[in-house]
Amino acid sequence: MYLNIAVLGGDGIGPEVMAQSVKCLQAIEHNFGHTFSFTKADIGAVAIKKTGEPLPEKTLKICKNSDAILFGAIGTPEYDQNPESKIWPEQGLFKLREELNLFANIRPVKVFPALAKLSPLNKKNILDTDLVIYRELTGGIYFGNKKVSDDQTKALDTCEYSEKEISRIAHLAFKAAKSRRKKLTLVDKANILETSRLWRRVVSNIATSYPEVTLNCMFMDNAAVNMILHPNEFDVILADNMFGDILSDQGSAISGSVGLLPSSSVGLGHAMFEPIHGSYPQAKGKNIANPIASILSVAMLLQHFDLEEEANAVITAVLKSFSKKIVTPDILGSSKYGTDYVGDFIANNITDDTDDLNINDENIGLGKSTII
Ligand code: IPM
Ligand code: MG
């Protein structure tokens, strides 16, 4: 298969983790006889510095012409701490989501048995956690009308949803539930928000077309508690933009590290794959960032193109890195392995899954690639 992949490293640790994902895709290319072309483009603070824009025209064009986009991370403290700024990096990501109509953000949450002890939660309730969040990504309070009063003492963000925006993602979530454990939980605040009441009405109507799926509606505050107490009881969670954002970060804590969870964003024709974590600016350039979320996003990319065997090769290599404890320090405090090393190990194992004797222990240390 030929795939033209846009590579948007972005800010902070984005480019470092992305480099590991590209290595893994190259290993897949080599092993399975595909051809992938990679086109790098700027987004976020890096792009603002070069062009004055968080999403330059050139980047948007590259993304529109690509089969898939690999995205790293976005945001820097410089802008976070400057609420006066009229331009900030995250605008690049929003514009990209909007321009490419990436309305469905799919975020699987799994607990990997080898890493379960990392989770702050009761092991018996988390071990078989396997849920997926369908987060609406191009509407709601993120995109509604925004205003600040002239004297800067009042601000307004509008949350708006149309039936069409709700039903297109609801259908995707119901289809996912139908092929999984047949449970769909709609998370909302229908006891207070009009938009939530619209979500309930639209989603309940759609439920009649999926009789095999059980729909359960849950208030966001209650869902936050239940996801911590019994994450293993959820199957597919459907939520608006803001609630989905919050729940997916909470999901990453269940799995033990925010550096583990991948995501895909799909719409009409375009598809983007990115870790759910942020840009972790404190770790930038230190070679300590966990590349797993980004590498598992590669697996989601391959699944998107029905390359199941290839996706499994990536997942198997990731699981092997866990069992061999070839992990970054967020997973194992005493680990001496860096981002690059973990990426090399996984890419190497995609190419040859019997090959784990090629680790040169003498070179092990942060910043050094030790695959020989
Ligand atoms: C995410 C992130 C973004 C969001 C930030 C970086 C603006 O948290 O993709 O979950 O809120 O959508
Ligand atoms: Mg988030």
Side-chain angles (χ1 to χ4, degrees), residues 8-15 17-18 21 42-48 54-55 59 63 69-83 85-109 131-144 146 157 159 161 165 169 187 220 223-224 227 237-255 257-267 270-284 289-290 293-294 296-297 300-301:
L8 274 53
D11 301 321
I13 57 165
V17 293
M18 180 72 72
S21 295
D42 293 324
I43 191 165
V46 169
I48 298 176
L55 178 66
T59 300
C63 292
I69 302 155
L70 264 186
F71 185 88
I74 207 154
T76 61
E78 185 189 335
Y79 290 95
D80 293 348
Q81 281 147 23
N82 180 9
S85 179
K86 294 275 178 275
I87 293 182
W88 61 93
E90 286 82 351
Q91 289 167 328
L93 180 58
F94 297 148
K95 189 160 176 223
L96 191 60
R97 288 172 177 172
E98 192 179 25
E99 288 277 343
L100 301 183
N101 213 344
L102 301 171
F103 63 81
N105 182 217
I106 303 162
R107 299 186 158 183
V109 176
L131 62 89
V132 58
I133 299 171
Y134 275 67
R135 168 190 176 195
E136 201 290 326
L137 202 61
T138 52
I141 201 160
Y142 274 61
F143 287 90
K146 296 173 189 298
D157 292 286
C159 183
Y161 269 110
E165 284 173 311
I169 185 164
V187 172
M220 171 64 209
M227 210 167 138
I237 294 177
L238 172 61
D240 78 2
N241 206 341
M242 177 76 116
F243 297 149
D245 179 45
I246 298 168
L247 280 177
S248 53
D249 257 39
Q250 190 174 319
S252 67
I254 295 169
S255 72
S257 166
V258 75
L260 294 172
L261 298 186
S263 79
S264 69
S265 301
V266 296
H270 295 285
M272 180 157 95
F273 302 85
E274 61 177 305
I276 79 149
H277 61 65
S279 59
Y280 193 14
Q282 307 87 319
K284 184 184 172 173
N290 192 337
S294 183
L296 288 175
S297 301
M300 289 188 89
L301 182 154

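Each ligand, and each atom within it, is numbered from 1 in the order the structure gives. We're numbering straight along the sequence, starting at 1.
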Any Met242 heavy atom less than 4.0 Å to ligand 1:
no
May I ask you to list the atoms of ligand 1 that are less than 4.0 angstrom from any heavy atom of Arg97?
1 (C), 4 (C), 9 (O), 12 (O)
If you measure from atom 12 (O) of ligand 1 to every heavy atom of Glu90, Gln91, Arg135, which option wins on shortest distance?
Arg135
Phe94 heavy atoms within 4.0 Å reach ligand 1 at atoms 7 (C)
Check: Glu136 main-chain N/O paired with Asp240 side-chain donor or acceptor under 3.5 Å
no
Ser263, Ser248, Ser264 screened by side chain to side chain contact (heavy atoms under 4.5 Å, CB included) with Ile106, the one that passes:
Ser264
Identity and separation of the nearest protein heavy atom to atom 8 (O) of ligand 1
Asp245 OD1, 3.3 Å
Worked check of side-chain contact (heavy atoms from CB on, under 4.5 Å) between Tyr161 and Asn241:
CA-CA 10 Å; Tyr161 269 110; Asn241 206 341; 3.5 Å; yes
Leu55 versus Gln91: any side-chain heavy-atom pair under 4.5 Å?
no
Output the atom name for the N/O/S atom of Asp245 with the smallest distance to the Mg ion (ligand 2).
OD1
Starting from atom 11 (O) of ligand 1, which protein heavy atom do you reach first, and at what distance in Å?
Tyr142 OH, 2.6 Å
Using heavy atoms and a threshold below 4.0 Å, how should the contact between His277 and ligand 1 be classified: side chain, backbone, both, or neither?
neither
Less than 3.5 Å between some nitrogen or oxygen of Glu274 and one of ligand 1, yes or no?
no
Do Glu274 and Ser265 have side-chain heavy atoms sitting under 4.5 Å apart?
yes
Pro108 and Leu261: which non-hydrogen atoms are nearest, and at how many Å?
O-CD2, 3.7 Å
Are any N, O or S atoms from Asp249 nearer to the Mg ion (ligand 2) than 2.8 Å?
no
Within the structure provided, determine whether Thr76 and Ser279 are in side-chain contact (heavy-atom separation under 4.5 Å).
no
Close approach of Arg107 to ligand 1, heavy atoms, under 4.0 angstrom:
yes
From the list Val266, Thr138, Leu137, side chain to side chain contact (heavy atoms under 4.5 Å, CB included) with Asn105 holds only for Leu137
